[in-house]
Trainee: 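If you scroll down you'll find the structure; I have some questions about it.
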Protein chains: 4
Amino acid sequence: MSDKRAHILDSAEILFAEKGFDGTSVRDIAGHANVNLAMISYYFGSKEKLLASLIEHRAGYTRGIIEELAKDESLTPFEKIDKLIDLYVDKIFNNSRFHCIVTTHLPTMQSDEIKGMMADIKFMNLEQIKKIIIDGQKKKVFGKVDMELTVASIMGTITQVTSSKALYYRIFNIEKSNEELYNKKLIPKLKTHLKQLLRAHLSFNHHE
Amino acid sequence: MSDKRAHILDSAEILFAEKGFDGTSVRDIAGHANVNLAMISYYFGSKEKLLASLIEHRAGYTRGIIEELAKDESLTPFEKIDKLIDLYVDKIFNNSRFHCIVTTHLPTMQSDEIKGMMADIKFMNLEQIKKIIIDGQKKKVFGKVDMELTVASIMGTITQVTSSKALYYRIFNIEKSNEELYNKKLIPKLKTHLKQLLRAHLSFNHHE
Amino acid sequence: MSDKRAHILDSAEILFAEKGFDGTSVRDIAGHANVNLAMISYYFGSKEKLLASLIEHRAGYTRGIIEELAKDESLTPFEKIDKLIDLYVDKIFNNSRFHCIVTTHLPTMQSDEIKGMMADIKFMNLEQIKKIIIDGQKKKVFGKVDMELTVASIMGTITQVTSSKALYYRIFNIEKSNEELYNKKLIPKLKTHLKQLLRAHLSFNHHE
Amino acid sequence: MSDKRAHILDSAEILFAEKGFDGTSVRDIAGHANVNLAMISYYFGSKEKLLASLIEHRAGYTRGIIEELAKDESLTPFEKIDKLIDLYVDKIFNNSRFHCIVTTHLPTMQSDEIKGMMADIKFMNLEQIKKIIIDGQKKKVFGKVDMELTVASIMGTITQVTSSKALYYRIFNIEKSNEELYNKKLIPKLKTHLKQLLRAHLSFNHHE
DNA sequence: CATGAATGAGGGTTCATTCAT
DNA sequence: AATGAATGAACCCTCATTCAT
């Protein structure tokens, strides 16, 4: 891919995440990417197709997770959950801007193409995690749980944290814009919390 | 408050939730509310102040929860958690449009006034739930948990479900626009899931 | 109708006639009419609807002709043809800009609405003239002629003259921009020519 | 001339006739001709020069008529008129797209070069026909007529018919896009009409 | 000789807001 | 108190053209 194209995508990602799709003008993007205004139409056709290209470009960021997990056939179900959490949290924090776009800005897009792409991403995530839970249940390690809502709790917790950055900066007394420190403090906490939460949830025998 | 004012606020809520703040024009709102275009500036000053008015108007929707809980001093900590979940899920589903605005559209607003309002709402929610957990811990009923992230899991789970309506319609095989059936099926499931999740999480002794 | 609206229509007529629809920008029109650019959308909705409004506004300019003719029931068929020519030539020269738009610019418009309006105008003209010819034939004054093509000759001759202004300025050695002199010289010539042409054409017995 | 050059001219003619000069973009032309966008500037210099090239390329289409007529010195003046009509109608219908461009799209072009070319074409047509009429008058076969306006009636009638295709399709009940049938029906009618019209007009003694 | 990449200018339209009434 | 008219700014997109390769 050409440098400019990638540069535009980067700028679009930053601005869409920060100001939303409707709140970002193609002038903003062109200005941020330091390219001519007409280049956006030239490369992508339209503002909406630019978004679609961005989604396609970044959507693979969670795709590799399940394959990484599949490699380790020796892991126990709980070890798999732990690894799943490690992988997901890392991936999402490494792609926090795109994750922000997907979770907060895509839902209002009215384009059917965008809606379809988003549904696919969510569905894929759901299926990936379901597989692991079902596997644990087959091995009699996990109890009976609501599969979809358990997934919702995992994803929802991560999303909640990433979308309320300002709040957690305040809670942890971290000065703004020191993102490195923020991540260093928060990520381990988040991983530990999710692992504990799921360990308790999945092992608990709800019928006793 | 005059009828027209309330009517405008209702329309704004519907449209902001559906299309976002930037995606909704004052013409849309005026058209939907069947009022003159100039009325919006006339009553509220500006589009942004209209949003602020809307937030102020609706923000109290969770305020009553903690007071309701405080009445029942006889409840056990787990019963309080259960009741908290019941109250939150009901409140959020009854105010799903405003909840959608708060969780997905407000975060991108650049106005400091709006940001402050939003932070207050989130902070208030956090504090409300923290109180109950701390109370349970004092009574040696709840184990040691990450307070803030436990709250994030509760709120995140609910938000995840409400913001992925389309996905859950598909999962539960409910025909679109039959919102009544959707709520009837999903709300009990969600409450049960959250109660189980928290019961396990809070009672589990993570140090053993 | 408001002054501004009429002013915009006038400017649009002048510019469309001179430069065509595609060759005229709404900025041109706004500048010529000395109104704000957004007024065009405000009053007419779009550039194309402005054209449609212009057509509707001016289309009646030939409508009155047949009624004027109908009043004089005493006229002979040839006198009616003569009067028809007088009326048409006068009307078209008095509305030369709009006539120019209809004959040279509307045919390429791709909008179905515009196409329909144009077809109606042409069809009306055709029917008006046909009535008179048929009446003359019934009275055994006119011979058998191809009705539609006879009308085409009348309209085509006038259009040819109006659309080749520059050529006829040269032929008659009239300095440019002296439109008054041009009309004074050309109109009588054109009327006489058409009357002679039709007198010969309609009275000639083509079967002998 | 290279194949590509000719191909571009063909595409330009088709599109200019259909959508006008301003309504056709060089992208349209490049796309229709299946050549690179930059080729058009490369070969012709600019869009306007492309039009000039097209005119030059096609303008000779009426030039041969007078020469063909000149060959037959044996013909009577009326036979010459008849032949003139046959030749003109055929030529115009065989070059209907270019004729359309000349009569409806060139008049609005503001370029002096284009205006000059167009004036030359019209002037040439005028002179060609004048010669024949003058010859007939010298031979005391034709009466006194307005030369220029007689030519205007000939050209105007043909143009009127070709520019109102849709109308005549409707009148003759011919299904759209069956151009072959349309031509087969209309051309003989038009020739006959014009011959009758001119025979009557030219032979009629307007002073008696 | 031919072309993909790039650009400045301008296209039509919609925006939130204001102002005279 | 309420509104139709009006506006300047900004929107996204396409234009004809150029230039390095």
Side-chain angles (χ1 to χ4, degrees), chain A residues 1-5 7-8 21-31 33-51, chain B residues 2-5 8 21-31 34-51, chain C residues 2-5 7-8 21-31 33-51, chain D residues 2 4-5 8 21-31 34-51:
Chain A
M1 184 190 313
S2 100
D3 259 12
K4 277 198 179 169
R5 214 185 120 92
H7 203 196
I8 293 170
F21 181 81
D22 288 314
T24 303
S25 74
V26 295
R27 267 173 187 78
D28 290 340
I29 299 169
N34 228 27
V35 300
N36 184 281
L37 169 66
M39 290 298 326
I40 274 108
S41 291
Y42 178 71
Y43 271 127
F44 301 97
S46 72
K47 187 188 177 187
E48 195 170 295
K49 282 179 188 165
L50 165 59
L51 174 59
Chain B
S2 96
D3 255 11
K4 273 192 182 174
R5 220 184 116 91
I8 293 170
F21 181 79
D22 289 314
T24 303
S25 73
V26 294
R27 261 173 191 76
D28 289 340
I29 299 169
N34 231 23
V35 301
N36 184 280
L37 171 62
M39 290 286 338
I40 276 118
S41 293
Y42 180 72
Y43 270 134
F44 300 95
S46 73
K47 189 187 175 189
E48 198 170 289
K49 283 179 188 163
L50 164 61
L51 175 59
Chain C
S2 99
D3 259 10
K4 278 200 177 167
R5 212 185 120 94
H7 203 197
I8 293 170
F21 181 80
D22 288 315
T24 303
S25 74
V26 294
R27 273 171 182 78
D28 289 340
I29 299 168
N34 228 26
V35 300
N36 184 280
L37 170 63
M39 291 295 329
I40 275 108
S41 291
Y42 179 72
Y43 272 129
F44 302 96
S46 73
K47 188 188 177 187
E48 196 169 292
K49 282 180 188 163
L50 164 61
L51 175 58
Chain D
S2 96
K4 274 192 182 172
R5 220 185 115 90
I8 293 170
F21 181 80
D22 288 314
T24 303
S25 73
V26 294
R27 261 171 191 77
D28 289 341
I29 299 168
N34 231 24
V35 300
N36 184 282
L37 171 62
M39 289 287 336
I40 276 116
S41 292
Y42 181 72
Y43 268 132
F44 300 94
S46 72
K47 188 186 175 187
E48 197 170 291
K49 283 179 188 163
L50 164 61
L51 175 60

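Fair warning: this is a prediction, and the values are worked out from it, not measured in the lab. In the text below, chain A, chain B and the rest are named by the order of the sequence lines, each starting its count at 1.
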Trainee: Can you find a side chain N or O atom of C/Lys4 that sits less than 4.0 Å from OP1 or OP2 on F/dG4?
Mentor: no
Trainee: Given side chains that start at C-beta, do those of D/Ile8 and D/Phe44 come closer than 4.5 Å, heavy atoms only?
Mentor: yes
Trainee: Walk along DNA chain E from 5' to 3' and tell me the first and last nucleotide with an atom closer than 4.0 Å to a non-hydrogen atom of chain C.
Mentor: E/dG11 to E/dT14
Trainee: Suppose we screen for side chain to side chain contact (heavy atoms under 4.5 Å, CB included). Which residues come up paired with C/Ser41, at least two apart in sequence or across chains?
Mentor: none
Trainee: Report the residues that fulfil side chain to side chain contact (heavy atoms under 4.5 Å, CB included) with C/Asp28, sequence neighbours left out, ordered by chain and then residue number.
Mentor: C/Leu15, C/Lys19, C/Thr24, C/Ser25
Trainee: Are side-chain heavy atoms of D/Val26 and D/Leu50 found at a separation under 4.5 Å?
Mentor: no
Trainee: What does D/Phe44 touch in the nucleic acid at a heavy-atom separation under 4.0 angstrom: a base, only the sugar-phosphate, or nothing?
Mentor: nothing
Trainee: Considering only heavy atoms from C-beta outward, does the side chain of B/Asn36 approach that of B/Tyr42 to under 4.5 Å?
Mentor: no
Trainee: Got more than 12 heavy atoms from elsewhere within 6.0 Å of NZ, A/Lys47?
Mentor: yes
Trainee: Which parts of nucleotides 9-16 of chain F does protein reach within less than 4.0 Å, heavy atoms only, written one letter per nucleotide 5' to 3' as B for base, S for sugar-phosphate only and - for none?
Mentor: -BBBBBBB
Trainee: Over all heavy atoms of both residues, which pair between B/Arg5 and B/Tyr43 is shortest? Give the atoms and the distance, please.
Mentor: NH1-O, 3.9 Å
Trainee: Which pair of heavy atoms, one from A/Gly45 and one from A/Lys49, lies closest together, and at what distance?
Mentor: CA-CD, 4.5 Å
Trainee: Any side-chain heavy atom of D/Leu37 within less than 4.5 Å of one from D/Arg27?
Mentor: yes
Trainee: Pairs counted only when both distances fall under 3.5 Å, Watson-Crick or G-U: show me the 5' to 3' dot-bracket for DNA chain F, [ ] for pseudoknotted crossings and | for other-strand partners.
Mentor: .||||||||||||||||||||
